[in-house]
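Written out below as structure tokens is the structure these notes cover.
Residue numbering restarts at 1 for every chain, and letters A, B, ... go by the order of the sequence lines.
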There are 2 protein chains.
Amino acid sequence: MTDVAREVGVTAKTVSRVLNDDGPVAAETRRRVMEAVRRLGYQPNLMARNTRVGARDAAIGLVVPELGNPFFGTVAGGVEGAVRARGLTLIVGSSDETAGHEQALIATFLARRVSALMVVPAADGDHRHLRAERVAGLPIVFLDRPAAGLTADCVVSANREGARAGVAHLIAHGHRRIGFVGDLPAALYTRRERLQGYRDALDAAGLPFDRALVETGHDLEAAARATLRLLALPDPPTALFAGNNLASMGAVVALTRAGRKDVALVGFDDLPLAEALDPPLTAVAQDPAAVGAAAAGLVLARLDGDRSRARRVTVPTRLIVRGSGELPPRTI
Amino acid sequence: MTDVAREVGVTAKTVSRVLNDDGPVAAETRRRVMEAVRRLGYQPNLMARNTRVGARDAAIGLVVPELGNPFFGTVAGGVEGAVRARGLTLIVGSSDETAGHEQALIATFLARRVSALMVVPAADGDHRHLRAERVAGLPIVFLDRPAAGLTADCVVSANREGARAGVAHLIAHGHRRIGFVGDLPAALYTRRERLQGYRDALDAAGLPFDRALVETGHDLEAAARATLRLLALPDPPTALFAGNNLASMGAVVALTRAGRKDVALVGFDDLPLAEALDPPLTAVAQDPAAVGAAAAGLVLARLDGDRSRARRVTVPTRLIVRGSGELPPRTI
DNA sequence: TTGACATATGTCATCGTTGACATCGGCTGT
DNA sequence: ACAGCCGATGTCAACGATGACATATGTCAA
């Protein structure tokens with residue numbers, strides 16, 4: 001910046017004024033500064049700008065469990081769009097679903113003095129350590145899953161209600177033994193909520209809850225094995241409810257491998273190829289981009305000075321009926 | 001930091017020494033400093049650290065076209081793993097496949113003084129403006145697609161060879177009219193390479209190249225429409241080659257909707273549900289995580305002082321035979 | 001005993017940028 | 001014609017951290 005100033009014959013302060021549209025600058029000076037900036041290829045140093053007291057970086061930190069999972073990718077995309085419109089930069093990091101990595105990422109984001117923090121908490125995360133930051137006024141919003149040990153803004157899908165609707169759909173088609181293929185770990189918020197929705201639907205229909213019908217797998221192959229275990233039970237389910245996108249894919253793959261096109265299936269989370277499957281997959285569709293956008297909206301409101309108390313936003317889900325959920329129960 | 005120092009009764013410099021393991025510090029002082037750090041919840045300000053001349057931020061900037069596309073998500077995951085092991089932070093931004101957004105992102109990364117830049121270039125990007133940075137020694141690596149107008153490190157998949165193998169597979173099963181469903185825009189590097197591989201295979205078999213058999217769509221639905229256009233030709237193809245993951249999904253969806261299980265299909269890029277489709281999808285599998293990891297490896301080598309000239313790394317692809325590519329040609 | 005050296009800590013300046021305040025002409029209104 | 005003001009620019013300090021160099025205390029060999 002000093003170089004640019006020297007080139008034009010003014011002080012760094014004047015250059016700063018030009019670049020920030022701050023204070024009066026003669027049109028001619030402005031022109032010459034701009035020209036020198038271009039000629040020298042000068043780029044302001046954002047790091048230095050932010051050393052001044054209390055200054056915050058024009059970046060927002062987002063922590064997701066896995067970058068490779070399209071669900072979180074789409075969430076991040078939703079956040080990015082909303083945030084970019086405000087001239088803020090989104091910094092994304094992946095916690096690998098590990099509390100340790102999550103804390104490390106949050107620490108580097110804080111050290112960078114991001115102006116807000118958005119977190120999809122790892123299953124075993126703990127966010128009490130963020131209380132001080134929250135009190136200090138840093139906007140913190142949790143996505144997809146609420147914070148552990150901290151009252152904070154939060155945007156989640158209608159997990160319980162969505163799962164209830166999906167399972168009720170199976171019950172309405174005559175099923176009485178319905179398997180649940182869920183996420184690992186069992187303590188994961190989304191899994192607990194969806195399992196609760198599953199139980200709600202059973203209760204409403206007067207059906208018993210059978211712990212043996214709940215199986216678990218944390219990736220596609222594990223979910224496929226979980227599905228096969230359910231099918232191998234002495235009194236197997238005639239329908240399955242899959243608790244997330246990987247579980248859905250695992251269940252589809254397992255049913256295909258086992259040649260069991262007669263088992264009804266409803267998945268939580270829609271899949272791009274849902275309609276191309278045989279039978280086409282009935283799904284409880286989430287709207288991950290909307291979750292991201294809603295969270296970004298909350299953050300921006302907080303940045304604009306909204307000091308109201310922590311809010312929880314629930315993004316609705318939608319049951320998409322395609323065929324796999326309407327198969328009649330068939331005893332083997 | 002001054003607060004911590006005052007608390008312990010030393011200078012900021014001593015605290016700095018403790019935190020950076022730099023220079024000799026008495027064990028007792030170190031202990032008291034650490035304790036004060038913990039008690040006050042002090043966190044070093046990374047921004048300030050980087051104001052000193054030539055200092056670089058311990059972050060690497062990664063630009064991808066779309067966060068929501070699982071291909072790029074997986075690439076980013078591969079990068080992140082390799083980079084984290086070195087204590088570097090990965091900053092990801094999405095260019096929305098737009099040259100303007102891409103430039104803006106790169107500019108903010110540079111302003112943040114990232115220690116390296118990794119870019120999946122937007123289709124219409126231009127990277128001449130990065131020449132100065134490259135000369136100045138900033139490691140810059142391009143992923144999935146090479147830079148435009150700049151000689152730089154680059155990691156790509158074996159697009160041409162992979163496509164050739166996929167199309168040759170269809171030819172080996174008797175197909176003579178093979179449609180190509182590709183990406184938009186036509187200028188996109190990966191599309192050009194894969195189309196070239198398609199032509200290579202035709203040439204090798206002495207088959208003519210028919211421009212009418214090349215169709216295009218930039219998302220799943222557009223690819224589905226492109227597929228239907230091919231099937232509606234007067235002399236339609238008996239097999240299809242899809243040029244990327246979205247095109248594959250679009251083709252699968254279109255064939256399903258049209259009830260055309262007799263059309264052979266090979267997709268570039270494997271899909272998680274490939275084996276659950278009917279017929280199961282034969283695919284040329286890329287290894288996106290390996291692309292990311294290889295690029296990260298290049299960056300780390302450059303950071304370690306490797307000044308050799310720009311390298312191009314090609315990550316091999318693998319043909320996975322499952323059924324859809326082995327259907328015999330059937331005239332309608 | 002002394003000087004050479006190591007250890008432990010402090011002092012000062014600096015990075016690039018921007019707030020707070022100062023300066024210096026010229027213009028306006030009376 | 002002069003006070004008062006505004007526009008244009010400059011001066012200075014400060015942000016938080018760390019390199020370069022200085023100082024103070026202790027240790028040991030000659």
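- Positionally, the nearest nucleotide of DNA chain C for B/G9 lies more toward the 5' end than for the other of B/G9 and B/R113.
- To the nearest angstrom, P of D/dG16 lies 9 Å from OH of B/Y42.
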**OP:** Any chance you could list the contact pattern along nucleotides 20-27 of chain C? Use B for base contacts, S for sugar-phosphate-only contacts and - for none, protein heavy atoms under 4.0 Å, 5' to 3'.
**Re:** B-------
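- Rounded to a whole Å, the CZ atom of B/R112 is 18 Å from the P atom of C/dG16.
- Distance CE (B/M47) to P (C/dT14): 23 Å, rounded to an integer number of Å.
- We find that A/D3 and A/R39 are not joined by a salt bridge, their nearest charged nitrogen and carboxylate oxygen being 4.0 Å or further apart.
- At a non-hydrogen distance threshold of 4.0 Å, B/P24, B/V25, B/A26, B/T29 from residues 21-36 of chain B come into contact with DNA chain C.
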When the side chains of residues 117-126 of chain B are checked against the rest of the protein, which donor-acceptor pairs come out under 3.5 Å, sequence neighbours left out?
{"residue": "B/D124", "atom": "OD1", "partner": "B/A99", "partner atom": "N", "Å": "3.3"}
{"residue": "B/D126", "atom": "OD1", "partner": "B/R128", "partner atom": "N", "Å": "3.1"}
{"residue": "B/D126", "atom": "OD1", "partner": "B/R128", "partner atom": "NE", "Å": "3.2"}
{"residue": "B/D126", "atom": "OD2", "partner": "B/R128", "partner atom": "NE", "Å": "3.2"}
{"residue": "B/D126", "atom": "OD2", "partner": "B/R128", "partner atom": "NH2", "Å": "2.6"}

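- Helix bend of the helix from C/dT1-D/dA30 to C/dT30-D/dA1: the angle between its two end axes, each built from five pairs, comes to 40° after rounding to 10°.
- For B/T11 and C/dT9, the shortest distance from a side-chain N or O to OP1 or OP2 is not below 4.0 Å.
- One finds no salt bridge joining B/R312 and B/D153 here, because no Lys/Arg side-chain nitrogen approaches an Asp/Glu carboxylate oxygen to under 4.0 Å.
- Residue B/R49 places at least one side-chain N or O closer than 4.0 Å to OP1 or OP2 of D/dT18.
- At a threshold of 4.5 Å between non-hydrogen side-chain atoms, the residues A/N20 and A/R49 count as touching.
- Side-chain N/O atoms of B/T14 include one lying less than 4.0 angstrom from OP1 or OP2 on C/dG10.
- Side-chain N/O atoms of A/D96 and A/S94 include no donor and acceptor closer than 3.5 Å.
- Taking only side-chain nitrogens and oxygens, B/S16 comes nearer than 4.0 Å to OP1 or OP2 of D/dT18.
- Side-chain contact check for A/V79 versus A/V92: every heavy-atom pair is 4.5 Å or farther apart.
- Closest contact between the side chain of B/A12 and the listed nucleotides D/dT18, D/dT9, C/dT9 involves D/dT18.
- In this structure B/F142 satisfies the ring-ring contact (aromatic ring centres under 6.0 Å, His included) test together with B/H127, sequence neighbours excluded.
- Put simply, the side chain of A/D183 reaches to within 4.5 Å of the side chain of A/L188, judged on heavy atoms.
- Of the candidates B/T314, B/V291, B/T190, B/S157 forms a side-chain contact (heavy atoms from CB on, under 4.5 Å) with just one, namely B/V291.
- For B/N20 and D/dG19, the CG to P distance is 8 Å, given to the nearest whole Å.
- Between the CZ atom of A/R56 and the P atom of D/dC15 there is a distance of 16 Å, rounded to whole Å.
- Taking a cutoff of 4.0 Å between a charged side-chain nitrogen and a carboxylate oxygen, B/D21 and B/R30 qualify as a salt bridge.
- Proximity of B/H218 to B/E97: side-chain heavy atoms (C-beta onward) are nowhere separated by under 4.5 Å.
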Let me check something: any side-chain donor-acceptor pairs from residues 40-48 of chain A under 3.5 Å, sequence neighbours excluded? List them with distances.
{"residue": "A/N45", "atom": "OD1", "partner": "A/M47", "partner atom": "N", "Å": "2.9"}
{"residue": "A/N45", "atom": "OD1", "partner": "A/A48", "partner atom": "N", "Å": "3.2"}

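- Atom P of nucleotide C/dG16 and atom CG of A/D57 are separated by 18 Å, given to the nearest angstrom.
- Within the structure, every side-chain polar atom (N or O) of A/T51 is placed at least 4.0 Å from both OP1 and OP2 of D/dC15.
- Close to C/dC15, at under 4.0 Å from its OP1 or OP2, lies no side-chain N or O of A/N45.
- Of the side-chain N and O atoms in A/N50, none sit less than 4.0 angstrom from OP1 or OP2 of C/dT17.
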